[in-house]
2 protein chains.
Amino acid sequence: MGVATALVRSSFLVNAVYAESSREHGLTPQQGQLLCVLMPRPYGMSELGGVLGLAKSSLTGLVDRSAQRGLVRREPDPEDARAVRVALTSEGARLAKEFYAETTRRVESLAENLDETDRRVLSALLARVVFDNRVPVVFMDFGAVPPAQS
Amino acid sequence: MGVATALVRSSFLVNAVYAESSREHGLTPQQGQLLCVLMPRPYGMSELGGVLGLAKSSLTGLVDRSAQRGLVRREPDPEDARAVRVALTSEGARLAKEFYAETTRRVESLAENLDETDRRVLSALLARVVFDNRVPVVFMDFGAVPPAQS
DNA sequence: GCTAGAAAGTTCGTGCCGCGAACCGGCGGT
DNA sequence: ACCGCCGGTTCGCGGCACGAACTTTCTAGC
C-alpha cells in the first residue's frame, strides 16, 4: 500500500474514533478539539484560529456554542482591551480531562496488535512527519507515554 | 510522543491537506471522498453508507448535491426496483482522477523527508493498523506506488 | 498629540454536513 | 395475499466553516 493511501485511510479511522469518543462525551469533534487545545492554558481567539486552522468567524461560533454549554469562558485580556482569552471552566476542564484520557485510550487501542517495538517505530515516524510539517499542538502529549520504565 | 498523539496529530495534518486539495478542485472533502470511492465501480446508497460511515439520510443529501454539480448520477438498479446505483458521470470521473492524483501527490509529499526505507516501514505499519481495524476502502490504491524505477 | 491604518473580535448571510424520525413503495417469506 | 423488512427519501434541526462588512482598540508616523 502506498504511503499516501496508508495515511489517508488511517486518518479516516482515527477521525471516526475521535468523533465517536466526542459524541459519547456529549461533544462535537470540534468542541472536543477545542477543549484539548485549551487544556494547558487559555488562548486568544486569533491564536486559536492559527492552531485549529479556522477563520476568525468560525472560531466565534465554536466558542459561542462551547460557552453556551458551560465548557469555556471568555475572559478579557488584561493587556489588550480588544482581545479575549478563552479559558476552560471547571466543568470544561473536567470534561476535557475525561475526554482526553478516553480518546487517547481508544486511539492507542487501534495499534494494539502491534508489538511494543512496532508501536515505538510507528510513533517515531509519525512524529517526524508531524514535526516536519509544523503541525500545531492540536492534541497534547501529557502522560502520553507514561511508558515502560524499561 | 505517544502513539495516540502521533496518530491524532498526523490525522489532523492529513485532513487539512485533503481538505485543501478538495477545495482547490471545487469540491468539499466529502464530495472528494465520494468521488474516490466511486472510482472503481458504482455503489448503492446503503453500501455507500457502510463504506463512508454515514446515515442513510446523510447520503441522500451528499449524493443530491454531487449530482446537482454533475459529478454523479443515480441509476436504477436493474435487479431491485427499490434500489439505486450511484455512478460517476464522465465529468465526475475526470475530476475524480485529477483530484485523486493530486491528493495522493500532496499526501505523499508530507513524508518527503523520510528516506525510502522509512517510508516503506511507515506504510507497512499503517497498513497493518488499517487492516486490523477493518477500515473500508475510502481511498483507492491504484498506482499508489508507481515509483522509483530505481 | 493626532490621525491613519492595522489588529482583535463580532455579526450576518450562505451553503454544506450529519442525524433521527417519519414515511413510501418494492421485495420476500409464509 | 399478506405482513414485515429493506432501500431510499423527506423533513426539521443544530453544528460547522467561510467571506464580507463592521466596531473598537492599539500603534506608527508625523
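Residue numbers begin at 1 in each chain, while the letters A, B, ... track the order of the sequences.
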query = In whole angstroms, how far is the C1' atom of C:dC17 from the CG atom of B:Leu27?
reply = 15 Å
message = Regarding B:Asp80, tell me which of base, sugar-phosphate or nothing describes its non-hydrogen contacts under 4.0 Å with the strands shown.
response = sugar-phosphate
task = Specify the residues of residues 33-50 of chain A, ordered by number, for which at least one heavy atom lies under 4.0 angstrom from an atom of DNA chain C.
result = A:Gly44, A:Met45, A:Ser46
side-chain hydrogen bond (donor to acceptor under 3.5 Å, both in side chains) partners of residues 10-20 of chain A, not counting sequence neighbours, each pair once = A:Asn15-B:Asn15
request  = Quick one: label B:Arg23 by what it contacts on the DNA or RNA (base, sugar-phosphate, nothing), any heavy atom closer than 4.0 Å.
outcome  = nothing
query = So which pairs with a foot in residues 29-41 of chain B pass salt bridge (Lys or Arg N to Asp or Glu O under 4.0 Å), sequence neighbours left out?
reply = B:Arg41-B:Glu47
query = Is A:Arg85 touching bases, backbone alone, or none of the nucleic acid, heavy atoms closer than 4.0 Å?
reply = nothing
inquiry  = Tell me the bend of the helix from C:dG1-D:dC30 to C:dT30-D:dA1 as the angle between end helix axes, each from five pairs, rounded to the nearest 10 degrees.
reply    = 20°
Dump every N/O contact between nucleotides 10-16 of chain D and the protein below 3.5 Å, one line per pair.
| from | atom 1 | to | atom 2 | distance (Å) |
| --- | --- | --- | --- | --- |
| D:dG15 | OP1 | A:Arg69 | NH2 | 3.1 |
| D:dC16 | OP1 | A:Thr28 | OG1 | 2.3 |
| D:dC16 | OP1 | A:Gln30 | OE1 | 3.3 |
| D:dC16 | OP2 | A:Arg65 | NE | 2.3 |
| D:dC16 | OP2 | A:Arg65 | NH2 | 2.6 |
| D:dC16 | O3' | A:Gln30 | NE2 | 3.4 |

inquiry  = Using whole Å, what does the distance between atom C1' of nucleotide D:dT9 and atom CD of B:Gln68 come to?
reply    = 15 Å
request  = Rounded to the nearest angstrom, tell me the gap between atom CG in A:Leu59 and atom P in D:dG19.
outcome  = 13 Å
task = Any side-chain hydrogen bond (donor to acceptor under 3.5 Å, both in side chains) involving residues 79-91 of chain A? Give me the pairs, sequence neighbours left out, ordered by first then second residue.
result = A:Glu75-A:Arg85, A:Asp80-A:Arg82, A:Glu91-A:Arg94
message = Do B:Leu13 and B:Val8 have side chains that approach each other closer than 4.5 Å (heavy atoms only, starting at C-beta)?
response = no
task = Could you state the atom-to-atom distance from CZ of B:Arg82 to P of D:dG7 in whole Å?
result = 6 Å
request  = Starting at atom CG of A:Asp77, determine the distance to atom C1' of C:dA7, rounded to an integer number of angstrom.
outcome  = 13 Å
